[in-house]
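The model shown is predicted, which means the values in this text are computed figures rather than measured ones.
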Protein chains: 2
Amino acid sequence: MKLTSKGRYAVMALVDLARFDSINPVSLRDISLRQGISLDYLEQIFSKLKKNEIVKSIRGTQGGYVLNKNPNDIKLTNIFHAVDEKVKTVQCKRESKRGCNGKATKCITHNLWDELETHINTFFENKSLDDLLKNKKETRV
Amino acid sequence: MKLTSKGRYAVMALVDLARFDSINPVSLRDISLRQGISLDYLEQIFSKLKKNEIVKSIRGTQGGYVLNKNPNDIKLTNIFHAVDEKVKTVQCKRESKRGCNGKATKCITHNLWDELETHINTFFENKSLDDLLKNKKETRV
DNA sequence: ACATACCTGACTAAAATGGTCAAGTTTAGA
DNA sequence: TCTAAACTTGACCATTTTAGTCAGGTATGT
Ligand code: FES
Ligand code: FES
């Protein structure tokens, strides 16, 4: 069970963006430099964030990205959904009438994994970008 | 973020084992057939479960595996640890004095991922094999 | 005009995953 | 004693996923 870089970077970038957003749009170049994330990779990520209306883009010189919503209304769930970072604990297709073993009944651990998935998603639903901004200081090691 | 088959299978197999354990040792062949898991793969998994003293083996004809502890004392954490299914949300090395960006400070999202990791691990620490046995019925679809 | 910055799609090296395969050793029971 | 069931070990491998890179664009403020 691990978090992928895409999801981690998406959140990092958005926190960075939210911090500097106030006056001017923020360029991916700046985020790339500040957070140490590849610019090309960031572009892929922001393309998805834009499609999902989490950010707006402003082209041309002095352009960049701006949040498209109040930080309070951007939950981790929304971010992860946008970049296809999905939580998948069950093996079976959720809609399917069959279990992961191919039988007509769900397997003996299905309920457990389902519970786990809910447990994790709850965390993501309850965290907003705003919550992350409150914890502004980079923690000293 | 997804659960790997190794972790999922380990738990499935142990629940199956615990159900039939009462009188005789249970052969991997039986578990393989009942749960639809490759026998060769199960052998790898049980080798690890044995090293971690979660099961005992009995060789020869009529042999098989038996739980080595009370189902109540086998937590998901123990199972996952045994088969190297680890929860990893942070990018940086936990012991390291540096952040995932190579800087001397932890990155702006480090605390968040740390919190997430704790959140997930709590779930695993609180679930025992015994809890799973109570929910014996395979749920009808 | 031109530099800055967004935009798009194709491509790929490396790692992880989810196994298989082969060649054993041990032991109960006929 | 012989044999088949079942554990044991280690090597091997195909496929998929990840985490990017690369090579082109297009839009726009100055
Ligand atoms: S995980 Fe859904 S049936 Fe096994
Ligand atoms: S995840 Fe630990 S420093 Fe970034």
Could you tell me the separation between the CD atom of A:E53 and the CG atom of A:N78, rounded to the nearest 0.5 Å? 11.5 Å

Pairwise side-chain hydrogen bond (donor to acceptor under 3.5 Å, both in side chains) hits with a residue in residues 61-73 of chain A, at least two apart: none

Along DNA chain C, first and last positions that approach a heavy atom of chain A under 4.0 Å: C:dA3 to C:dA16

Looking only at heavy atoms, which two atoms of B:Q35 and A:N101 are closest? And how far apart? O-CB, 4.1 Å

B:V90 to B:D114 - nearest heavy-atom pair and separation: CG1-N, 4.1 Å

Residue pair A:R8/A:T61 against DNA chain D: nearer the 5' end by closest nucleotide is A:R8

Can you list, by residue number, the residues of residues 38-46 of chain A that have a non-hydrogen atom closer than 4.0 angstrom to DNA chain D? A:S38, A:D40, A:Y41, A:Q44

Closer to the 5' end of DNA chain C via nearest nucleotide, is it A:K51 or A:Q62? A:Q62

Can you see which heavy atom on B:M12 is nearest to which on A:T109, and at what distance? CG-OG1, 3.1 Å

Evaluate the side chain to side chain contact (heavy atoms under 4.5 Å, CB included) criterion for residues A:V87 and B:K2: first the C-alpha distance (whole Å), next the side-chain angles of each, then the deciding distance (0.1 Å), finally the verdict. CA-CA 6 Å; A:V87 177; B:K2 69 179 159 209; over 6 Å; no

Mind running a 4.0 Å heavy-atom check of residues 84-92 of chain B against DNA chain C and sending the residues that fall below it, in number order? none

Does anything in residues 68-96 of chain A pair up under ring pair (Phe, Tyr, Trp, His ring centres under 6.0 Å), and if so which pairs, sequence neighbours excluded? A:F80-A:F124

Exercise: identify the closest heavy-atom pair between A:T89 and A:L116: CG2-CD2, 3.8 Å

Opening and closing nucleotides of DNA chain D in contact with chain A, under 4.0 Å to non-hydrogen atoms: D:dT18 to D:dG29

What I want to check is whether the side chains of A:K75 and A:S128 have a donor and an acceptor closer together than 3.5 Å. no

For A:R34 and B:K103 the tightest heavy-atom approach is O-NZ, 2.6 Å

Test item: side-chain donor near acceptor, A:E125 and A:T77, under 3.5 Å: no

Would you say that more than 12 heavy atoms from the other residues, nucleotides or ligands in this model lie under 6.0 Å from the NZ of A:K88, or not? yes

